[in-house]
Novice: 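One structure follows; several queries about it will come next.
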Amino acid sequence: MLRLFRLPLLRRSLILLALALLAGCAIAPPRTDDPLQKVNRKVYALNDTLDKAVLRPAAVGYRKVTTPGMRRSVNNFFTNIELPVTVANDLLQARPSQALGNTGRFFINLTVGVGGLFDPASKLGLPLQTTDFGITLARWGMPDGDFVMLPLLGPSTLRDMWRYPVDGYFFDPLSLIAKNHGFNFGEYYLPQVLYVVTMRAQLIDAEGFLQTAYDPYAFMRDAYRQRRLYLLYDGNPPAAVVDKLQGVDQQGFDPDELLEQQKQWEKQHGSAQPATTPAQQPSQN
């Protein structure tokens with residue numbers, strides 16, 4: 001069963017925002033490889049509306065009634081309970097050493113870490129490494145395809161979107177429990193709801209970066225692509241691949257010129273204005 005309440009957009013947003021800062025000042029060339037942009041922007045606006053109406057208020061309330069330590073423990077639990085997804089994909093990618101390390105991390109945190117509420121595995125030198133079926137398909141040679149913004153689920157590509165049914169149905173422990181136990185009132189959704197709320201609560205501290213972006217949709221799209229590239233190469237993509245993604249391999253590369261081209265291209269081809277409040281709209285020169 002696909003866990004619709006996971007909303008990976010929320011979990012990835014923190015990572016994407018941090019990655020954009022770490023990526024330096026390189027400016028990507030105007031994105032002409034987003035043929036679904038008109039539909040994607042509408043879906044992005046829908047997701048943003050849902051977030052402002054439901055998710056963010058719930059996250060604010062959650063922060064008011066919990067302490068940082070409590071939220072950290074909840075996050076540790078969900079991070080650990082998702083590790084079987086990574087282990088399964090490590091095996092599909094023919095990476096037995098990574099699978100063994102992540103299996104050890106899972107059981108150490110599950111036992112010594114009191115059900116995953118604590119993270120002793122990191123202190124023992126077992127770092128968190130995550131992967132999914134989208135990365136598995138990439139390692140098998142499948143191209144990523146067009147960028148798509150999925151309702152509720154957030155940014156993806158035609159290749160990466162397969163991780164939701166595959167990982168969610170076959171490998172996710174919470175989904176497996178829900179499939180094999182009878183629940184009369186949908187109690188199996190409660191962990192997913194708590195997971196979404198706690199991830200959104202973490203995003204509150206970083207959401208200012210997205211709000212100040214010239215075009216939040218383009219920011220999310222390009223940051224997502226960078227993040228997936230770093231996952232594919234275990235955090236160390238070849239310089240040539242990074243240069244191609246950022247456009248700095250082009251002859252006569254000029255960051256200022258590319259930034260202006262990016263703005264003009266988005267104005268001409270975007271079907272919707274950036275998802276910002278009136279106070280956050282960029283000035284028109």
Novice: Before you tell me yes or no, could you show the steps for Leu55 and Val196 under side chain to side chain contact (heavy atoms under 4.5 Å, CB included), namely the whole-Å CA-CA distance, both residues' side-chain angles and the distance that decides it to 0.1 Å?
Specialist: CA-CA 8 Å; Leu55 298 179; Val196 170; 3.8 Å; yes
Novice: Does Trp162 use its side chain to pair, donor to acceptor, with the backbone of Leu137 at less than 3.5 Å?
Specialist: no
Novice: Following the transitive rule for hydrophobic clusters with a side-chain heavy-atom cut-off under 4.5 Å over Ile, Leu, Val, Met, Phe, Trp and Tyr, establish whether Leu126 and Leu91 coincide in one cluster.
Specialist: no
Novice: As a quick check of understanding, evaluate side chain to side chain contact (heavy atoms under 4.5 Å, CB included) for Leu110 and Asn80, giving each step before the final call.
Specialist: CA-CA 8 Å; Leu110 190 64; Asn80 195 64; 4.1 Å; yes
Novice: Please answer whether the main-chain N or O of Gly69 pairs with a side-chain N or O of Ser73 as donor and acceptor at a distance below 3.5 Å.
Specialist: yes
Novice: Met149 and Tyr217: side chain to side chain contact (heavy atoms under 4.5 Å, CB included), yes or no, with the steps?
Specialist: CA-CA 9 Å; Met149 186 68 70; Tyr217 164 78; 4.0 Å; yes
Novice: Is it true that Thr131 and Gln93 share a donor-acceptor pair across their side chains at a distance under 3.5 Å?
Specialist: yes
Novice: Run the salt bridge (charged side-chain N to carboxylate O under 4.0 Å, His left out) test on Asp51 and Arg200 for me, step by step, so that the C-alpha distance in whole Å, both residues' side-chain angles and the decisive distance to 0.1 Å come before the verdict.
Specialist: CA-CA 9 Å; Asp51 175 72; Arg200 185 59 180 89; 2.5 Å; yes
Novice: Does a side-chain N-to-carboxylate-O contact under 4.0 Å join Asp119 and Arg72?
Specialist: no
Novice: Between Asp172 (side chain) and Asp167 (backbone), is there a donor-acceptor pair under 3.5 Å?
Specialist: no
Novice: Has Asn89 got a side-chain atom pairing as donor or acceptor with Pro84's backbone, closer than 3.5 angstrom?
Specialist: no
Novice: Using a strict 4.0 Å threshold on nitrogen-to-oxygen distance, state whether Lys52 and Asp48 make a salt bridge.
Specialist: yes
Novice: Any sub-3.5 Å donor-acceptor pair from Asn109's side-chain atoms to Gly116's backbone N or O?
Specialist: no
Novice: Using only atom types and a distance under 3.5 Å, with no angle test, would you say the side chain of Arg41 pairs donor to acceptor with the backbone of Lys38?
Specialist: no
Novice: Tell me if a side-chain donor or acceptor on Arg139 pairs with a main-chain N or O of Leu232 at a distance below 3.5 Å.
Specialist: yes
Novice: Does the Arg71 side chain pair with the main chain of Thr66, one donor and one acceptor, at a distance under 3.5 Å?
Specialist: yes
Novice: Judged by atom type as modelled, is there a donor-acceptor pair below 3.5 Å linking the side chain of Thr157 to the main-chain atoms of Phe147?
Specialist: no
Novice: Does Leu194 offer a backbone N or O that forms a donor-acceptor pair with the side chain of Thr198 under 3.5 Å?
Specialist: no
Novice: Inspect the contact between Arg63 and Asp205 and indicate whether a charged nitrogen and a carboxylate oxygen are less than 4.0 angstrom apart.
Specialist: yes
Novice: Salt-bridged, Arg159 to Asp146, with N to O below 4.0 Å?
Specialist: no
Novice: When you check the gap from the basic side-chain N to the acidic O, do Asp160 and Arg225 get nearer than 4.0 Å?
Specialist: no
